[in-house]
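The structure appears below as structure tokens.
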Amino acid sequence: MKITREFFQRDPLTCARELIGCELVWNQTGGVIVETEAYSVRNDEACHTFTRPSSRGFVAEKPPGTAYVYLNYGMYWLLNFLVKGGAEDGFVLIRALEPTRGIEEMRRRRGMNELKNLCSGPGKLTRALAIDGTFHGQDFFAASEPILHAPPVPPEISTGPRIGITRAADLPWRFVAAGSRFLSAPMKNR
DNA sequence: ACACGGATACTA
DNA sequence: AGTATCCGTGTC
């Protein structure tokens, strides 16, 4: 089932949860999303909109579902989707995939053989799918080819605190496919 | 444990 | 122009 723009016209927590299990495909490479994080424009000091005026402008101007891609630590592109038009605006960060498409091509781009290491992190999966800064602001729902597909059956989900942040580090806004071996880090039980 | 690396947004 | 911070990864 194809994901439409309306999917992203809800709050970030709902979108982050329901993206787990969806297949993300770009140019014959991709996988099933097994880890996401929600970021909210309101009451979330970890969201880019809290410290970046350019990010607030992005939310104001772009339609829901737009790709928000930025360079972190000077080396790794991180992929988010803009969530807008529901109870809260914000972003969903895509943190890990279970590889399904173009595995040999992703192995080449990553210089890695082990399947569980290809897309098990937000910086890894963008490199595997060849996503970079040119994707920032791109509206995938204006294109003909869908890049997101909903699963026939929603997977079981675990939640916990987000990874790698300093502000609002206590909020349990990380979502993973329960028991997946393709995560960026193990989920703490709660 | 540590180095790597650059955009963004501050200060002045 | 100088500084602080940042949603990470591979190798040490």
Side-chain angles (χ1 to χ4, degrees), chain A residues 8 11-20 22 24 29 31 33-62 65-84 88-99 106-138 157-177 180-188:
Chain A
F8 294 97
D11 65 280
L13 287 165
T14 300
C15 289
R17 173 179 289 272
E18 295 199 11
L19 277 171
I20 300 297
C22 293
L24 171 66
T29 52
I33 299 172
V34 294
E35 178 176 345
T36 62
E37 285 176 359
Y39 290 83
S40 179
V41 167
R42 282 176 54 81
N43 301 321
D44 180 11
E45 296 193 358
C47 189
H48 273 190
T49 52
F50 187 75
T51 53
R52 299 192 183 191
S54 60
S55 180
R56 294 192 283 273
F58 189 95
V59 174
E61 292 172 11
K62 304 294 187 180
T66 303
Y68 180 89
V69 181
Y70 75 98
L71 187 65
N72 199 26
Y73 296 116
M75 274 165 288
Y76 300 104
W77 295 103
L78 271 56
L79 171 65
N80 301 255
F81 288 102
L82 174 61
V83 173
K84 183 178 173 182
E88 305 268 327
D89 294 346
F91 300 93
V92 176
L93 170 67
I94 309 301
R95 284 196 59 90
L97 309 176
E98 175 175 346
M106 294 197 290
R107 281 191 169 120
R108 212 168 308 130
R109 289 169 178 161
R110 290 272 296 118
M112 294 267 173
N113 286 325
E114 269 202 88
L115 205 61
K116 70 176 190 341
N117 288 338
L118 288 187
C119 302
S120 55
K124 297 178 185 178
L125 69 91
T126 53
R127 187 154 294 180
L129 304 205
I131 290 172
D132 61 17
T134 62
F135 282 60
H136 184 57
Q138 191 160 326
I157 308 242
S158 300
T159 65
R162 295 175 292 184
I163 291 181
I165 57 173
T166 54
R167 297 184 298 263
D170 52 321
L171 296 176
W173 287 4
R174 179 187 183 212
F175 299 86
V176 307
S180 172
R181 67 188 189 97
F182 298 94
L183 306 181
S184 68
M187 174 63 80
K188 297 178 183 175

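Letters A, B, ... are given to chains in the order of the sequence lines, protein chains preceding strands, and every chain is numbered from 1. From a predicted model like this one, the values you see are computed outputs, not experimental measurements.
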* Are any side-chain N or O atoms of A:Arg95 and backbone N or O atoms of A:Val176, one a donor and one an acceptor, separated by less than 3.5 Å? -> no
* To do: Measure from the ring center of A:His48 to the ring center of A:Tyr70 and say whether it is less than 6.0 Å.
  => yes
* To do: Could you check whether A:Arg162 gets within reach of a base, just the sugar-phosphate, or nothing at all, counting any heavy atom under 4.0 Å?
  => nothing
* Structure fact -> A:Leu78 CG to B:dG6 C1', in whole Å, measures 14 Å
* Asked: To the nearest Å, how far apart are A:Arg52 CZ and C:dT5 C1'?
  -> 9 Å
* To do: Give the dot-bracket string for DNA chain B, reading 5' to 3', where a pair is Watson-Crick or G-U wobble with both distances under 3.5 Å, ( ) marks pairs inside the strand, [ ] marks pairs crossing earlier ones, | marks a partner on another strand, and . marks unpaired.
  => .|||.||||||.
* Using atom CD of A:Glu35 as one end and atom P of C:dC7 as the other, report the distance to the nearest whole Å. => 15 Å
* Structure fact -> Smallest heavy-atom separation, A:Thr159 atom then A:Pro172 atom, equals CB-O, 4.2 Å
* Asked: Tell me: CD1 of A:Ile163 to C1' of C:dC6, nearest whole Å?
  -> 16 Å
* Starting at OG of A:Ser180, measure out to CD1 of A:Ile157 and round the result to the nearest 0.5 Å. => 11.0 Å
* Asked: Near A:Arg42 CZ, under 6.0 Å, is it more than 12 heavy atoms from other residues, nucleotides or ligands?
  -> no
* To do: Quick one: label A:Ser54 by what it contacts on the DNA or RNA (base, sugar-phosphate, nothing), any heavy atom closer than 4.0 Å.
  => sugar-phosphate
* Which whole-number value in Å describes the distance from A:Asp132 CG to B:dG5 P? -> 18 Å
* Asked: So which of A:Val34, A:Ile94, A:Leu24 actually passes side-chain contact (heavy atoms from CB on, under 4.5 Å) with A:Leu19?
  -> A:Ile94
* Structure fact -> Which of B:dC4, C:dT9, C:dC6 is nearest the side chain of A:Lys124? It is C:dT9
* **P gap between C:dT5 and B:dA12, integer Å** => 15 Å
* Round to the nearest Å and state the distance from A:Leu71 atom CG to B:dG6 atom C1'. => 6 Å
* Asked: At under 4.0 Å between heavy atoms, what does A:Tyr70 touch on the DNA or RNA strands: base, sugar-phosphate, or nothing?
  -> base
* Roughly, in whole Å, what's the span from CG in A:Asn80 to P in B:dA7? -> 18 Å
* Asked: Between C:dC7 and A:His48, is there an OP1 or OP2 to side-chain N/O distance shorter than 4.0 Å?
  -> yes
* Asked: Are OP1 or OP2 of C:dC6 and a side-chain N or O of A:Thr166 less than 4.0 angstrom apart?
  -> yes
* To do: Assess A:Arg52 against A:Phe58: is NZ or CZ under 6.0 Å from the centre of the six-membered ring, and within 45 degrees of the ring's axis?
  => no
* **Position toward the 5' end of DNA chain C (nearest nucleotide), A:Arg110 or A:Asn72** => A:Asn72
* Asked: Between A:Met75 (CE) and C:dT5 (C1'), how many Å, whole number?
  -> 14 Å
* Measure from the side chain of A:Pro53, starting at C-beta and using heavy atoms only, and say which of C:dG8, B:dA9, C:dG10 lies closest. => B:dA9
* **Phosphate contact (C:dG8 OP1 or OP2) by A:Arg127 side-chain N/O below 4.0 Å** => no
* To do: For A:Arg127, look at atom CZ and say whether over 12 heavy atoms of other residues, nucleotides or ligands are found less than 6.0 Å away.
  => no
* ring centroid sep under 5.5 Å plus plane angle under 30, A:Tyr76 with C:dT9 -> no
